[in-house]
Each structure stands twice: as C-alpha cells, then as structure tokens.
Visitor: 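Input: one structure, supplied below.
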Amino acid sequence: MSSHTIYFDDGKYNYIKTITLSDCTVSITIDGVGFKAYSFETHEFANETEAMEFYETTIRRENPSYQPPTESLSTELDDEEEEKEIFSPRSFDFDLNEQNLSTEELVNRLAVVLPGLEIYESESSCYPFKTFVWKVDEQGEFTIDKLLLAQGFMKSVVWDDFLQSVITNSSNLITYLTLEANLTPEEISQKCQTLETTLQTQCKNIAVYKIIQFDPVSPDQNLDNFYIIIAETHQGNWLGIAPKIGSMDNIRTDTERVQVSTDFISIDSNQTLINTLENVLKGLEFATTPDTTTREFYLAFANSQEQTIYQLLDAIDFVITCSFAPFGSVAEYEDPEFCYNIDPLDQLLQLNLTNLREYVIGTYSLYHLYAIGNTQNGDFVGVSTVAVWSG
C-alpha cells in the first residue's frame, strides 16, 4: 500500500489531503487543520496499472514535482514474497509426515513441538498448549460429561447444598436485570420445595452438578458458576435443567459448529413435566453470580445422562463443538511466522488423528480450547490451551 500527503490552503484555511493506493483502489481523504472538516472518496479500477496511473496523476495535479518511487509495484510484491520465505519450518529429529502413529509416539512428539506455542490473537500469553491424553483402557469411553468431570469443569453436589445456594442466589438477584420484582424469601422457599417435590414425584436418580468456570492461572478467582439438574423419569427418559447464562458473541473461531443431535422421541408426559417445571423455576437463580443470568432456563430430554448433559451445555453455549481447522489457518496472511511455528502441531494432529474435533468450553471472555481425536489405538489424544477473548 502506498500513500502520499499534500498540505494546501484555500486562502483562508489549511488542509491535509491524503492519497492512498491499495491494490486496484485509490482513496482520497481531506482533513481540516485546526478545524472540523472532512471528505472521503474512493476510485475503483480494473487493474493495478490503471490505479497506479490515477494515483500518480492525482498527486502531480497538486504537486507537479512529484517523482514516483523507483521500484515498481510488482517489485514490492516480490519483496513481500521474499520476506515470507525468510521463515523456515522448525526441524525435529523425526519425520513430521509420518502418519498413524501410536498413542505413545504421538504424545512424545507433541511434547517436543508444543513448547513456546500459544493460541493466535489471545489477549493473554499466560496459557501455553498442553498435551491431552485419554486412554480408553484406563478411563473408559470418552464423553463430554467425563471430560468436564476429569478437567474440573463439573462436580457433583448434594441436593441440600444446591437448594441453599439457590435460596441465597435468588434472594440476591439484582432487580434491574429482571423482568419482575424479586421473590420474597417465603416465595423462594416455597418454589424450592415445589421443585423438590415435583422432581421426586416424577423422576428417579436425581443428580445436581455445579458447572465451574475457572482460570488455571488464578484458580482461586471467583468466576461464573452455575448448577444443572439431571434426572431420570419413571418412563426411562432423562431430563435436564440448566440456566441460560449468556451468549458467545465474542468467541473467535473460523471452524464450523457441529450440531449436537439426539434421536430422542418425546412423549406427551415429558412436555407436561416441562410446562410444570418452567412455572416452578420462574424467579429462581441457579447461578452463583446472579448478574450473569436472565433467570430463563433451558429444559431438555434425551436418552441417557451423558447425552442430556452434552445437549444442555451445548444449548446454553457453555460447550461448543466445532470441526477442526489448523491453528495456523487464522493467521495465514497476517502472521506467516506464527503459521510456520505452529505448522508442526497442525501436521501431527491432522496426520495422526481421526474424528478430530475442537471443543470450546467457557463463558464470556475466558475459553478453554481442546482439539481431540482418535489415535490408531482407539485412544483420544490432542492438545488444550486457554484463550482470552473479551470482544
């Protein structure tokens, strides 16, 4: 991109005219000096040669002594290509092109390529990549609920502790965030009792989980946490209840979201139960940080406990599943050095893992990223890191 600045006056005021050439576009901006004046215009051309000719002609109209740079536009482009070539791929004592490595060998090679790597455009550099290993023989089949439990995002809590937290949080709701006045302590207690009675009457195997958002650098920091309820109905279906905690508008991913599907077929009694619970839940607060919720809830049915948990957390955007895209793809043009440095990681993952998925776990500005797939041994291997994206 080329730019030329011209200072001029109209006999009364001084101005700055900036003429900019970018590919096939010439833009002209005029700003007043010491007073408010502004104009902007653009000119599109069929090719770079025409754009360059207009650019130089416009400059000479104001500055007849103007001399264009000695290097042509094509030379500048060649220099950019040469600049890209100064970065050479990292070398290792193994062949990056080898495929279908065993679990152990892949883990060993990941340990070699990961040091010094970070996620692109994160607002903090405190979170390095780490190797993720899930051995099926030792840990059982990989599921999202097992991942959340193993990594500290979810823990089981007893019903009485959950109820006490709901009563406390519901009493502390900030009125201006709600569509109605806060419930009285008596109303909150009555609703909690009705919730307990309804679930005990209609369901069995009732479980409550606390979903935990944490910062691995500052584990004691109080972040947004909330509760979900999972219960099996007497008909053998699984019910899930979760508060809607917010959106993921600020998440940065160039991958395609994978929809969490279920082959569950609902029955009339399920909808009746949902209607009853929606009325009971109105005004209750399941989040430990009250200002993170609008007091709306998501209720769903599925065929199993693990399916229900996955569906719940996907629906409220706490867990997002995406197809995998190379970590370097987001910086292919903006930061070639980053691409060269992270390319060995992308190669190891893509050449040695099947069913590769990216899981984004978290809310608001702190996201835990997991890229996980199957090795030829049937284990689940990948990498994890944390990204800070505030907007």
Visitor: For residues E141 and V136, report the shortest heavy-atom separation together with the two atoms involved.
Guide: OE1-CG1, 4.1 Å
Visitor: Quick one: do R109 and E105 satisfy salt bridge (charged side-chain N to carboxylate O under 4.0 Å, His left out)? Show the steps, please.
Guide: CA-CA 6 Å; R109 295 189 183 188; E105 183 58 29; 2.8 Å; yes
Visitor: So which atom in I167 and which in C192 form the shortest heavy-atom distance, rounded to 0.1 Å?
Guide: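 Taking I167 first and C192 second, the nearest heavy atoms are CG1-SG, 3.8 Å.
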Visitor: Can you see which heavy atom on A207 is nearest to which on Q305, and at what distance?
Guide: CB-NE2, 4.4 Å
Visitor: For F327 together with F338, are the ring centres under 6.0 Å from each other?
Guide: no
Visitor: According to a hydrophobic-cluster definition based on side-chain heavy atoms being under 4.5 Å apart (Ile, Leu, Val, Met, Phe, Trp, Tyr only), do L351 and F129 belong together?
Guide: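 Cluster IDs for L351 and F129 differ.
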Visitor: For the residue pair N279 and K191, what are the closest heavy atoms and their distance?
Guide: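 In this case the closest contact between N279 and K191 is O-NZ, 3.0 Å.
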Visitor: Mark yes when over 12 heavy atoms from residues, nucleotides or ligands other than K146 sit less than 6.0 Å from its NZ; otherwise mark no.
Guide: yes
Visitor: Which pair of heavy atoms, one from A51 and one from V26, lies closest together, and at what distance?
Guide: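 Scanning both residues, the minimum pair turns out to be O-CG2, 3.5 Å.
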Visitor: Can you tell me how far CD of E278 sits from CG of L273, rounded to the nearest 0.5 angstrom?
Guide: 10.0 Å
Visitor: ring-ring contact (aromatic ring centres under 6.0 Å, His included) with F94: which residues, sequence neighbours excluded?
Guide: F92
Visitor: Check Y298, F318, F286 against F226 for a ring pair (Phe, Tyr, Trp, His ring centres under 6.0 Å) and give me the one that passes.
Guide: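 The single option meeting the ring pair (Phe, Tyr, Trp, His ring centres under 6.0 Å) with F226 is F318.
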Visitor: Nearest 0.5 Å, what's the OH-NZ distance between Y370 and K130?
Guide: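 Between atom OH of Y370 and atom NZ of K130 there are 9.0 Å.
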Visitor: Just say parallel, tilted or perpendicular for the rings of F54 and F45, cut-offs at 30° and 60°.
Guide: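 Judged by the thresholds at 30° and 60°, the geometry between F54 and F45 is tilted.
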Visitor: So how far is it from I245 CD1 to N225 CG, rounded to the nearest 0.5 Å?
Guide: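 One gets 10.0 Å once the value is rounded to the nearest 0.5 Å.
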Visitor: Kindly compute the distance separating CG (N169) from CD (E285), expressed to the nearest 0.5 Å.
Guide: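 Those atoms lie 6.0 Å apart.
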Visitor: Begin from the C-alpha positions of F380 and F132 and carry the test ring-ring contact (aromatic ring centres under 6.0 Å, His included) through to its verdict.
Guide: CA-CA 8 Å; F380 291 80; F132 175 87; 8.5 Å; no
Visitor: Would you please say whether a donor-acceptor pair under 3.5 Å links the side chains of D343 and Q347?
Guide: yes
Visitor: If we check side-chain hydrogen bond (donor to acceptor under 3.5 Å, both in side chains) with T25, which of these qualifies: E44, E48, H43?
Guide: E44
Visitor: Given side chains that start at C-beta, do those of V383 and L117 come closer than 4.5 Å, heavy atoms only?
Guide: no
Visitor: If the condition is ring-ring contact (aromatic ring centres under 6.0 Å, His included), which residues does F214 pass it with, not counting sequence neighbours?
Guide: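 Result, ring-ring contact (aromatic ring centres under 6.0 Å, His included) vs F214: F153, H368.
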Visitor: Check the surroundings of atom CD in E53: do more than 12 heavy atoms from other residues, nucleotides or ligands lie under 6.0 Å from it?
Guide: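 No, because the 6.0 Å sphere around CD of E53 holds 12 heavy atoms or fewer from other groups.
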Visitor: For the residue pair T42 and S27, what are the closest heavy atoms and their distance?
Guide: CG2-CB, 4.0 Å
Visitor: To the nearest 0.5 Å, what is the distance between CG (N270) and OG1 (T233)?
Guide: 6.0 Å
Visitor: Just say parallel, tilted or perpendicular for the rings of Y359 and F142, cut-offs at 30° and 60°.
Guide: tilted
